Protein chains: 2
Amino acid sequence: MARTRATILDIARELGLSKTTVSSALGGSGRISEEKRALIRETADRLGYVANRAARSLRVSRVGTIGLYIPPIARSLAFYMDFAFGVTEGAAAADYDVTLFARGLTPQRAFHVDGVIAIDPSPGEPLVAALLDDGIPTVSVGRYTGPGEERVLGTLEAHHTELQIQVLDHLLSRGRKRPALLAVDDAISSSWAVDTLNTYLDWCRRHGIEPRVHEVEGNATPRDLVSAVASAVDTGHADALVCGAQGHAAQSQLVLESRGLTVGKDLDIASFAGAAALETGNPLISAIDLAPREYGAAATELLDAVVRDPDAGPVHRWFDGASVQLAG
Amino acid sequence: MARTRATILDIARELGLSKTTVSSALGGSGRISEEKRALIRETADRLGYVANRAARSLRVSRVGTIGLYIPPIARSLAFYMDFAFGVTEGAAAADYDVTLFARGLTPQRAFHVDGVIAIDPSPGEPLVAALLDDGIPTVSVGRYTGPGEERVLGTLEAHHTELQIQVLDHLLSRGRKRPALLAVDDAISSSWAVDTLNTYLDWCRRHGIEPRVHEVEGNATPRDLVSAVASAVDTGHADALVCGAQGHAAQSQLVLESRGLTVGKDLDIASFAGAAALETGNPLISAIDLAPREYGAAATELLDAVVRDPDAGPVHRWFDGASVQLAG
DNA sequence: CGGGTTTGCGGGAACGTTCCCGCAAACAAA
DNA sequence: TTTGTTTGCGGGAACGTTCCCGCAAACCCG
């Protein structure tokens with residue numbers, strides 16, 4: 001119940017040393033004999049010492065915290081959640097804390113971080129614009145276009161296009177010549193949604209395949225999805241469904257199997273937005289695994305780099321951890 | 001690009017006052033004339049002043065941060081995500097930051113918070129146990145049973161049982177006398193999962209109804225769900241499906257509608273774990289809306305209370321924001 | 001053995017706040 | 001006028017670190 005933690009001075013007193021000695025012993029710097037260093041370390045964790053972060057921050061004017069901005073999109077939350085965990089893990093490794101930024105957060109609070117990671121920021125997002133305007137070191141995961149975009153210090157991107165083409169090629173190699181795209185009708189179209197549609201259309205053109213695009217609302221009801229799948233299969237004679245929204249692939253499988261169709265035999269299903277529990281790892285669905293945890297960790301690493309050297313100019317990195325999982 | 005923020009001293013110099021005066025003017029305390037207070041406030045935000053949190057924390061030995069522990073469960077992430085946003089909003093109102101605790105976080109870091117909110121902590125969770133052991137003020141959302149449970153300072157619970165009974169009663173009032181429970185086979189059975197099953201069994205007994213429990217794996221494949229639904233409907237002759245896992249209600253609707261059955265007419269569907277985009281707000285599905293954002297905000301409020309008065313003894317609160325949305 | 005260099009450690013200031021005082025001026029009560 | 005109280009503000013210390021110094025003792029080399 002001891003509500004006051006041991007300080008560096010307690011350790012010093014205990015050993016008859018000075019706070020300077022203790023500090024440098026614990027910090028690794030300075031010239032200290034090895035025996036003393038070991039002794040200090042030992043008593044430090046005997047007393048349950050843990051450095052006061054506020055004091056350190058005040059002194060070194062580095063907060064040790066990164067902000068994480070997550071867009072308030074109802075779908076694909078699972079991806080963001082995993083991403084957030086990845087950020088947290090990467091941050092712990094680099095001795096950062098992660099604080100959550102929700103939309104509507106007053107930019108005031110943003111000053112208490114060393115930098116922020118914004119995942120899929122939509123162009124109109126005022127918080128991100130405010131952060132950039134205030135000169136907070138910011139890393140964008142996925143391209144950010146919008147006010148202040150020239151001040152984004154780092155951008156991390158995955159090879160979406162290449163991976164999507166791999167998936168489409170794989171369907172083709174399995175003889176599926178009429179893949180339909182169940183695209184998301186994205187009001188605040190992120191760069192990802194736009195790119196995805198273009199990739200599909202391009203691919204169709206290059207292969208002389210007639211594109212079949214079926215738009216699905218962002219928060220479609222099950223009934224909506226049933227009819228979308230029905231129109232793709234029955235009317236459009238699709239022999240493969242390519243889903244743009246997380247969860248839709250698994251849901252489409254439900255629809256097809258309930259109708260007596262066997263996925264992998266009668267039809268194929270693929271997902272461009274994998275990483276859902278029911279999609280990635282499902283042997284019947286070809287999916288892109290964005291590896292959200294590793295993605296998040298990579299974002300942290302990038303942020304750390306630009307925080308350490310803010311004048312390096314905008315840096316762009318590719319994330320190589322994403323992969324495709326091909327079915328059949 | 002000014003990387004050094006204005007301090008309280010800058011304001012003082014600018015106005016020829018002392019730091020004490022500026023501090024108390026901004027903090028609201030002290031005896032200051034109203035004109036001076038206004039003047040100080042004005043120049044403060046002219047200079048873009050924002051208080052240095054580290055300095056304040058050091059002085060008042062209050063960090064201004066709460067930790068949020070989220071269990072690493074693959075399903076119902078959407079609920080946790082919304083809950084997290086709710087915590088963030090509530091925290092902002094009470095001038096807290098929220099830092100994310102993932103499992104595997106070294107308890108060391110936990111010292112940098114004023115308290116932590118643990119949502120649905122499983123009994124074996126070592127991080128939560130460590131937090132309690134270290135005397136960190138902890139609020140549990142849902143009952144925590146496990147090592148150190150007597151040190152939990154606050155518990156927030158929703159009226160799960162009552163709400164679930166309401167849902168079952170509603171089904172009965174619509175003439176559904178054979179409701180089947182699609183229960184989650186929860187390895188680390190949370191208090192919620194256990195309570196839910198008991199509620200259903202109790203209710204059946206009281207109404208002289210034969211219980212129909214169909215266990216579904218935590219991360220069931222679509223194919224698993226299809227067969228679970230099929231066995232409930234075809235073999236068990238269920239006239240209503242009650243789903244325990246988030247997302248299963250919407251998915252069951254997909255299955256039924258694909259088979260040509262109309263939800264709300266041929267069969268009913270209800271969800272005990274609402275708050276998913278496709279369930280709550282779906283007029284065909286009776287669902288419990290846990291109101292995750294408000295739930296999170298309430299958790300913050302409770303934590304704030306126990307942090308302010310840690311010696312008040314364990315406090316238990318009911319969350320009254322949850323509701324049922326009845327279909328038909 | 002005398003000069004210089006290295007080693008091991010301590011003193012003190014600083015980071016930006018808050019808060020306890022003190023103190024003069026103004027004001028009220030006697 | 002005298003005494004007491006309120007008002008408005010400032011000085012200084014403290015929170016726990018880190019980091020720049022300084023300074024003895026030990027060591028090295030010729």
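Computed from a predicted structure; not experimentally measured.
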* Salt-bridge criterion met for B/Glu149 and B/Arg143 (N-O under 4.0 Å) -> no
* Asked: Cation-pi between A/Arg62 and A/Tyr96: NZ/CZ under 6.0 Å from ring centre and within 45° of the ring axis?
  -> yes
* Where B/Asp97 and A/His112 come nearest, the two heavy atoms and their spacing -> OD2-ND1, 4.1 Å
Once you round it to whole Å, what is the distance between [atom2] of [N] and [atom1] of [X]?
X: A/Leu39; N: C/dC9; atom1: CG; atom2: P; value: 10 Å
X: B/Lys36; N: D/dG10; atom1: NZ; atom2: P; value: 8 Å
X: B/Ile32; N: D/dT7; atom1: CD1; atom2: C1'; value: 10 Å
X: A/Arg37; N: C/dT7; atom1: CZ; atom2: P; value: 13 Å

* Structure fact -> side-chain contact (heavy atoms from CB on, under 4.5 Å) test vs A/Leu15 passes for just one of A/Thr21, A/Asp10, A/Ile40, namely A/Ile40
* Has B/Glu301 got more than 12 heavy atoms of other residues, nucleotides or ligands less than 6.0 Å from its CD? -> no
* State, without any angle test, whether B/Asp82 and B/Tyr295 hold a side-chain donor-acceptor pair at a distance under 3.5 Å. => no
* Scan side-chain atoms only and decide if A/Asp120 and A/Tyr80 contain a donor-acceptor pair under the 3.5 Å cut-off. => yes
* salt bridge (charged side-chain N to carboxylate O under 4.0 Å, His left out) pairs, two or more places apart, involving residues 307-319 of chain A -> A/Asp304-A/Arg308
* Structure fact -> Per-nucleotide protein contact along nucleotides 11-20 of chain D, 5' to 3', at a 4.0 Å heavy-atom cut-off (B base, S sugar-phosphate only, - neither), is BBBBBBBBBB
Could you list, one pair per line, each protein nitrogen or oxygen that sits under 3.5 Å from a nitrogen or oxygen of nucleotides 21-23 of chain D, together with the distance?
none

